[in-house]
Asks: 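Structure in structure tokens, see below.
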Amino acid sequence: MPDTSARTAAPESGTRPTSGLLRRALADARSSRTPGLAPYVPERPFPWGGAQLPLAGDETRAAIDLDRVLRLSLAAPAGTPGRLRPVPSAGALHPVRAHLLIGPGCSLPPGRYAYDPRAHRANRRGPAPDDVSPGVLVVLTVAVSRTVAHYGHRAWPLLLLDTGHAAAALALAGPPAADVLVCLDADAALLSAAAGLPASPDRPDARPGAEPELPLAVVRLTPRGVTADAPGTLTAWAGPIRAGTPSARPGAETAPPTELAAARHLLHHIARAPELPGGTWHPAPLPGPVTDGALEKRRSAPPDDLTHPPGEDLLARLLTTARTARPDGPAWTVAVGGDAPALYAEAPGGHGLDVRASGDARPTLARWAAGQQWIGGVGAVLLAHGCPGDAPAAAVRTCHLAAGYAAGAVQAHATALGLRSRPIGSWQRADLGAALGETPGRDWIVHGLAVGAPPPPDRVAPGSVRYPPTTETPPASTPSASTLPTPTPPAPRARLSTAPAATMTPAAPTTPPGEEERP
């Protein structure tokens, strides 16, 4: 396993003070304010010119087969026009891009490349440093304009979640002969330098006519048995190396300039970590049942496929995967429907489920997820929660990236177990702690994953919700305690209050399956 001793080289980056700008932006993204409607923004052409190389390359016996890794993670699935990764989280707008920093031991020659997910090719941008360590660093960046045009002030948390999903996809696709490390808190300036990108997105003259890319995370794949200092390797790539620049291919700029500039500035601000520029690197555990076949099959399921609750044992396994995917991530809870509706947490020691609150939380969750009514009829919803309203900038970044990363790992695990799933990225007024009688503002829902089991033969789940719904009316309030079945687990500690949801503004009209949602 590569050396990870740099984790303790400096204080944690989450100690930076919270700015008023971030507090206001976080509160606004969590509020019921609906983004203004904007025309659909088409995807821009791939911005990096030059010769495109096949990822298999000539080194067929390389320890790291980039053709396989990227085909199972970031490549556009065949037969899905308009979509790239199989399980996007930011409304299928695909804001995440990947830059490959390749050393020896890979199926492409050493050098710096940009990955084109539609062509499944790598564009060479420049040489590698002298004596660079074996393996590959994949720097993940976001181009924010399409997401901001569609989601407005709610866009920037979705960009973080989607980057976490992309990092998980890469880590899960790591070959058996490689060690995988993931870093979600490296300094943006160092990541930009390593990827050969401008240090600041606020400079309009840095790349005229090209959309800025903001780096947020990095994944490292190293041939097994190679000892390498991951932060040191990242620094080695950040030297003064000539790299290609993207072509000027402007798109339809329909996002309000103020919102676009604000989103870029905010993400650039929270991705700064000068006190620990190399970041903290954690191994990427692979859930046991996950195979290449499971990675190829995973998809965001239509809501009608999610109405049957999985068994307690399966949900407990998924909660364990969520908790162990990232040691620096948020807490996880699951809301379950069926015969014993309740809010469950993982039992102490990871053995089974423990009741956190009785009653059916799904209608409340449907309101909190911007009125997406289908959530009220799903079998179960896994919830990532934490990130107080006054959390430091680095903690906001890491919590959202880690939530997306864990949800990506859980979705692959669920697929391997024969379950269907669908991410839920946007949450408004979803103060879970306050709803459970705890201190308000300290425990917010950050991300969600709806999960359903295959329906039993010749059985239709009661309360099934068709999608898209035939009405925009929000789901009914959570039933009173007297009408709820008594949960079979031990006595509950709390009951979920629906009061915070009662003042929610109805969601914008729902779009057909396969199209972008505005959650």
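Heavy-atom basis, side chains included; hydrogens, waters and symmetry copies ignored. Quick note: residue numbers are just sequence positions, from 1.
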Asks: With heavy-atom distances below 4.5 Å as the criterion, would you say the side chains of R442 and D390 are in contact?
Replies: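 Counting from C-beta outward, R442 and D390 do come under 4.5 Å.
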Asks: Using the rule given for side-chain contact (heavy atoms from CB on, under 4.5 Å), can you reason through Y115 versus L66, listing the C-alpha separation, both sets of side-chain angles and the distance that settles it, and then say yes or no?
Replies: CA-CA 11 Å; Y115 175 62; L66 293 170; over 6 Å; no
Asks: Any donor-acceptor pair under 3.5 Å linking the side chain of R220 with the backbone of A230?
Replies: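 No: the side chain of R220 does not pair with the backbone of A230.
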Asks: Can you give me the closest heavy-atom contact between S145 and R264, atom names plus distance?
Replies: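 Looking at all heavy atoms of both residues, the closest pair is CB-NH2, 4.3 Å.
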Asks: Take V381 and V336 through the test side-chain contact (heavy atoms from CB on, under 4.5 Å) and record every step on the way to the result.
Replies: CA-CA 7 Å; V381 186; V336 183; over 6 Å; no
Asks: Indicate yes or no for a side-chain donor-acceptor contact from T307 to the backbone of P303 under 3.5 Å, with no hydrogens or angles considered.
Replies: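 Checked: no pair found.
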Asks: For R118 versus E43, what's the shortest heavy-atom pair and its separation?
Replies: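 Closest approach of R118 to E43, heavy atoms only: NH2-OE1, 2.7 Å.
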Asks: Between the side chains of D185 and T280, does any donor sit under 3.5 Å from an acceptor?
Replies: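 On atom types as modelled, these side chains qualify, holding a pair under 3.5 Å.
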Asks: So, using side chain to side chain contact (heavy atoms under 4.5 Å, CB included) as the criterion, who are the partners of A173 when residues are at least two apart?
Replies: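 If we apply the side chain to side chain contact (heavy atoms under 4.5 Å, CB included) test to A173, skipping adjacent residues, the hits are V69, L72, S73, L295.
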Asks: Can you name the side chain to side chain contact (heavy atoms under 4.5 Å, CB included) partners of A166, sequence neighbours left out?
Replies: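 So A166 forms a side chain to side chain contact (heavy atoms under 4.5 Å, CB included) with L74, R85, V96, L140.
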Asks: Counting distance only, does the side-chain N/O of R397 pair as donor-acceptor with the main-chain N or O of L216 below 3.5 Å?
Replies: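 At least one qualifying donor-acceptor pair exists.
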Asks: Sequence neighbours left out, what passes side chain to side chain contact (heavy atoms under 4.5 Å, CB included) with W156? Give chain and number order.
Replies: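 W156 satisfies side chain to side chain contact (heavy atoms under 4.5 Å, CB included) with L22, A25, L26, A29, L160, L266, L267, I270, V396 only.
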Asks: Quick one: do V182 and R326 satisfy side-chain contact (heavy atoms from CB on, under 4.5 Å)? Show the steps, please.
Replies: CA-CA 9 Å; V182 180; R326 290 294 305 186; 3.6 Å; yes
Asks: For R429, does its backbone N or O pair with a side-chain atom of W368 as donor and acceptor, under 3.5 Å?
Replies: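 Confirmed, W368 side chain pairs with R429 backbone.
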Asks: Taking R224 for the side chain and P176 for the main chain, is one N or O donor matched with an acceptor at less than 3.5 Å?
Replies: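 Flag set: sc R224 to bb P176 pair under 3.5 Å.
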Asks: Go through the structure and list residues passing salt bridge (charged side-chain N to carboxylate O under 4.0 Å, His left out) with D443, not counting sequence neighbours.
Replies: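 D443: salt bridge (charged side-chain N to carboxylate O under 4.0 Å, His left out) contacts with R356.
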Asks: Considering residues at least two apart in sequence or located in another chain, which fulfil the side chain to side chain contact (heavy atoms under 4.5 Å, CB included) criterion with A450?
Replies: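 Applying side chain to side chain contact (heavy atoms under 4.5 Å, CB included) to A450 gives L306, W374, V378, I424.
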Asks: Set out, in order, the CA-CA distance, both residues' side-chain angles and the distance that settles side-chain contact (heavy atoms from CB on, under 4.5 Å) for V142 and T163, then state yes or no.
Replies: CA-CA 8 Å; V142 290; T163 304; 3.2 Å; yes
Asks: For D28, which residues count as a salt bridge (charged side-chain N to carboxylate O under 4.0 Å, His left out) partner, sequence neighbours excluded?
Replies: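 D28 satisfies salt bridge (charged side-chain N to carboxylate O under 4.0 Å, His left out) with R33 once adjacent residues are dropped.
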